[in-house]
Trainee: 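Sending over a structure as structure tokens; questions will come in a sec.
Below, chains carry the letters A, B, ... as their sequence lines are ordered, and counting in each starts from 1.
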Amino acid sequence: MAPSFFNTLSGKIEEFRPLQDNEVRMYACGPTVYDYGHIGNFRTFVFVDILRRYLKQHYKLRHVINITDVDDKIIRNAGQAGVPIGEYTKKYTQAFLEDSAALNIEEPQIVRATDHIQLMAEFIKKLVDNGHAYRTDDGSYYFRISTFPQYGKLSKKDFSGMEDGARVDVDEYEKDSARDFALWKAPKPGEASWDTVIGPGRPGWHIECSTMSMKYLGDSFDIHCGGEDLIFPHHENEIAQSESLTGKQFAHFWMHARFLLVEGEKMSKSLGNFYTVRDLVLMGHKPSSIRFLLTSVPFRKQLNFTFDGLTQAANSVERLRTFALRLQKAQLPEGKSASMQQLADATVQGIESALADDLNTAQALAAVFDMVRDANAAADAGQLKQGDVEPLQKALQKFDAIFAVLHDDDAVKVKRIIEWAESEGKQDKISEQARAIAASASVGDAEIEKLIAELQEARRAKNFARADAIRGELNQQGIIVEITRDGVRWRRK
RNA sequence: GGCGCGGUAGCCAAGUGGUAAGGCAGAGGUCUGCAAAACCUUUAUUCGGCGGUUCGAUUCCGCCCCGCGCCUCCA
């Protein structure tokens with residue numbers, strides 16, 4: 001079944017088919033590395049990851065994201081910090097990769113703007129040669145919007161009333177039309193500058209994405225995605241540049257993630273509701289909780305990110321992990337039941353059809369939780385058989401290949417972030433909860449299993465005092481022990 | 001002002017022209033050395049408000065109220 005996605009370009013949900021055979025080529029706008037990524041950034045990146053993982057299940061995928069490592073904010077911040085921009089961006093690029101990994105975001109092919117400056121200059125030169133761009137007296141270059149009649153087709157804006165040739169002074173640059181956007185910025189004292197075929201300077205914001213996406217994916221490719229704020233002007237400008245150069249349609253599908261709200265309000269530093277991934281982890285929230293909350297709301301719906309929601313997400317993940325553990329550890333009778341096979345099949349089908357419907361993650365989750373409930377009920381009734389485990393686990397894998405929250409490595413991830421906070425002198429931001437979660441990071445499975453075996457021995461001997469002591473000891477190390485009719489189970493806090 | 005999106009139980013949230021998925025939280029129960037986990041029952045006569053179309057609307061249309069986004073560099 002071909003999936004359908006909402007395409008910003010057409011404004012409709014459309015059936016998706018790759019342009020070439022069974023291969024999808026996708027470009028996602030990555031971060032501008034001027035600071036640590038916040039939860040809003042990662043809503044978009046998690047959405048892209050969900051899309052990536054979904055596509056990978058069905059197609060061959062070439063997925064590229066860019067890192068913008070030269071722009072006004074970077075130049076400003078690096079200047080304030082008194083370090084070269086390369087050094088400055090390296091730090092935040094690294095942070096972005098770490099935070100992405102913490103949220104189980106798979107790493108696509110990553111390309112950097114500063115590695116493609118010459119290519120961008122050549123791109124601009126061609127635009128000048130074919131009349132779509134012009135140079136101003138100071139050595140900057142602008143795209144002439146009046147040469148691209150379709151300008152506004154993505155953002156649904158009407159620029160037909162624009163006067164061409166009316167020179168308007170904007171800032172210190174002279175543009176032919178106020179709407180014309182910068183392709184290339186003339187050098188300024190103290191700012192990074194490159195010598196190129198079109199002269200010295202640095203690229204404007206939009207040109208990098210056109211240049212790099214076309215280099216790695218071709219003149220026309222399947223999907224281009226990012227946050228909704230990029231629709232205009234960023235993506236609109238990319239279309240104008242790219243299609244003016246090639247005469248071909250640039251990206252065919254444009255997919256944009258909706259902005260999130262934090263506690264019902266737009267996230268902003270002034271409102272004090274601005275959180276980075278690291279902030280949240282240090283406050284005691286697991287990366288898996290953050291990912292779950294971010295994935296649980298379909299990407300085109302405004303997501304209200306709240307601390308209550310984070311707790312709810314943590315509990316939901318716990319339920320899923322507990323079920324996965326039960327399948328793994330339960331002592332079951334031999335045999336296999338048709339009803340469980342059916343349940344697993346229906347779940348896989350439910351996940352698939354939900355995601356094929358414009359990545360309806362909320363509905364996919366409902367399918368999984370339905371399975372968890374029914375399979376748990378069967379297990380409680382003694383009707384779950386050994387042969388049922390495999391299909392149910394496969395259905396869980398189908399789910400987790402997209403959602404990626406089942407594997408429990410939160411302790412290690414939280415520990416790393418705590419260590420980072422300590423190295424940055426942010427000890428005061430490390431909560432007790434975060435330390436409790438991280439406590440088990442250095443305790444190996446084998447070590448735990450050994451104590452669990454002792455605990456089981458004590459229980460067999462009805463030595464409950466000893467059993468409770470062991471449980472208490474494990475609890476100190478960040479391990480929760482549960483005694484079930486299927487035996488003793490443990491998990492990390 | 002222009003263009004666009006949304007308002008569903010305490011919270012998060014899916015969905016359909018025919019009578020409200022799922023999760024979290026709460027209440028009661030089963031099970032249990034304890035603690036959990038799990039299961040069962042229960043929690044919206046109702047889907048922002050008012051009209052309209054219809055045999056019937058939460059779902060379509062109009063108006064209003066509220067929230068949010070974009071309108072040159074914020075994911």
Trainee: Looking only at N and O atoms, is any donor in the side chain of A:Asn315 or the base of B:G23 less than 3.5 Å from an acceptor on the other one?
Mentor: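 Per atom types, no contact qualifies.
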Trainee: Write down the distance between NZ (A:Lys301) and P (B:A75), rounded to a whole number of angstrom.
Mentor: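 In whole Å, B:A75 P lies 24 Å from A:Lys301 NZ.
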Trainee: With heavy atoms under 4.0 Å as the rule, sort A:Lys266 into base, sugar-phosphate or nothing.
Mentor: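 Base, at least one base atom sits under 4.0 Å.
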Trainee: B:G29 and B:C68: how far apart are their P atoms, nearest whole angstrom?
Mentor: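 So the two P atoms sit 44 Å from each other.
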Trainee: Tell me if the side-chain of A:Arg319 makes a donor-acceptor pair with the base of B:C24, cut-off 3.5 Å, by modelled atom types.
Mentor: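 Per atom types, no contact qualifies.
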Trainee: Of A:Glu238, A:His234, A:Gln241, which is the lone residue that meets side-chain hydrogen bond (donor to acceptor under 3.5 Å, both in side chains) with A:His206?
Mentor: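 Single side-chain hydrogen bond (donor to acceptor under 3.5 Å, both in side chains) partner of A:His206 among A:Glu238, A:His234, A:Gln241: A:His234.
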Trainee: For a quick check of understanding: with a heavy-atom distance under 4.0 Å over all strands, which category does A:Gly40 fall into, base, sugar-phosphate or nothing?
Mentor: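 Result for A:Gly40 = base.
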Trainee: Regarding A:Asp380, tell me which of base, sugar-phosphate or nothing describes its non-hydrogen contacts under 4.0 Å with the strands shown.
Mentor: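 Base contact.
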Trainee: Would you classify A:Thr484 as touching base, sugar-phosphate or nothing, given that sugar-phosphate means primed atoms plus P, OP1 and OP2, and contacts are heavy atoms under 4.0 Å?
Mentor: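 Here A:Thr484 touches the bases of the nucleic acid.
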Trainee: Classify A:Ala377 by what it touches in the nucleic acid, base, sugar-phosphate, or nothing, heavy-atom distance under 4.0 Å.
Mentor: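 Here A:Ala377 touches the backbone only, sparing every base.
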Trainee: For atom P, what is the distance between B:U42 and B:U59, given to the nearest Å?
Mentor: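 About 28 Å, rounded to a whole number of Å.
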Trainee: Answer with base, sugar-phosphate or nothing: what part of the nucleic acid does A:Asn237 contact at a heavy-atom distance below 4.0 Å?
Mentor: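 Here A:Asn237 touches no strand at all.
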Trainee: Tell me whether the side-chain N or O atoms of A:Gln312 pair up with the base of B:C11 as donor and acceptor below 3.5 Å, since no angle test is needed here.
Mentor: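 Such a pair is found, so the answer is yes.
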Trainee: Quick one: label A:Asp71 by what it contacts on the DNA or RNA (base, sugar-phosphate, nothing), any heavy atom closer than 4.0 Å.
Mentor: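 Since no nucleic acid heavy atom lies under 4.0 Å of A:Asp71, the category is nothing.
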Trainee: What's A:Arg258 touching, base or sugar-phosphate or nothing? Going by heavy atoms closer than 4.0 Å.
Mentor: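 It contacts base atoms.
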Trainee: Name the nucleic acid region contacted by A:Leu230, choosing base, sugar-phosphate or nothing; use a 4.0 angstrom heavy-atom cut-off, strictly under.
Mentor: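 A:Leu230: backbone/sugar contact only, no base atoms under 4.0 Å.
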Trainee: Within the structure shown, what part of the strands sits under 4.0 Å from A:Asp370 by heavy-atom distance: base, sugar-phosphate, or nothing?
Mentor: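 The answer is sugar-phosphate, as A:Asp370 gets under 4.0 Å only of primed atoms, P, OP1 or OP2.
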Trainee: From CD of A:Gln349 over to C1' of B:A21, roughly how many Å is that when rounded to an integer?
Mentor: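 Roughly 17 Å, once rounded to whole Å.
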Trainee: Looking at the base of B:C73, is there any donor atom on it, or on the side chain of A:Lys185, that sits under 3.5 Å from an acceptor on the other one?
Mentor: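 Flag set: donor-acceptor pair detected.
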Trainee: Taking 5.5 Å and 30° as the limits, would you call A:Phe259 and the base of B:A75 a stacked pair?
Mentor: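 Yes, aromatic ring over the base.
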Trainee: Kindly indicate whether the side chain of A:Arg459 and the base of B:G33 share any N or O donor-acceptor pair separated by less than 3.5 Å?
Mentor: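 Per atom types, the contact qualifies.
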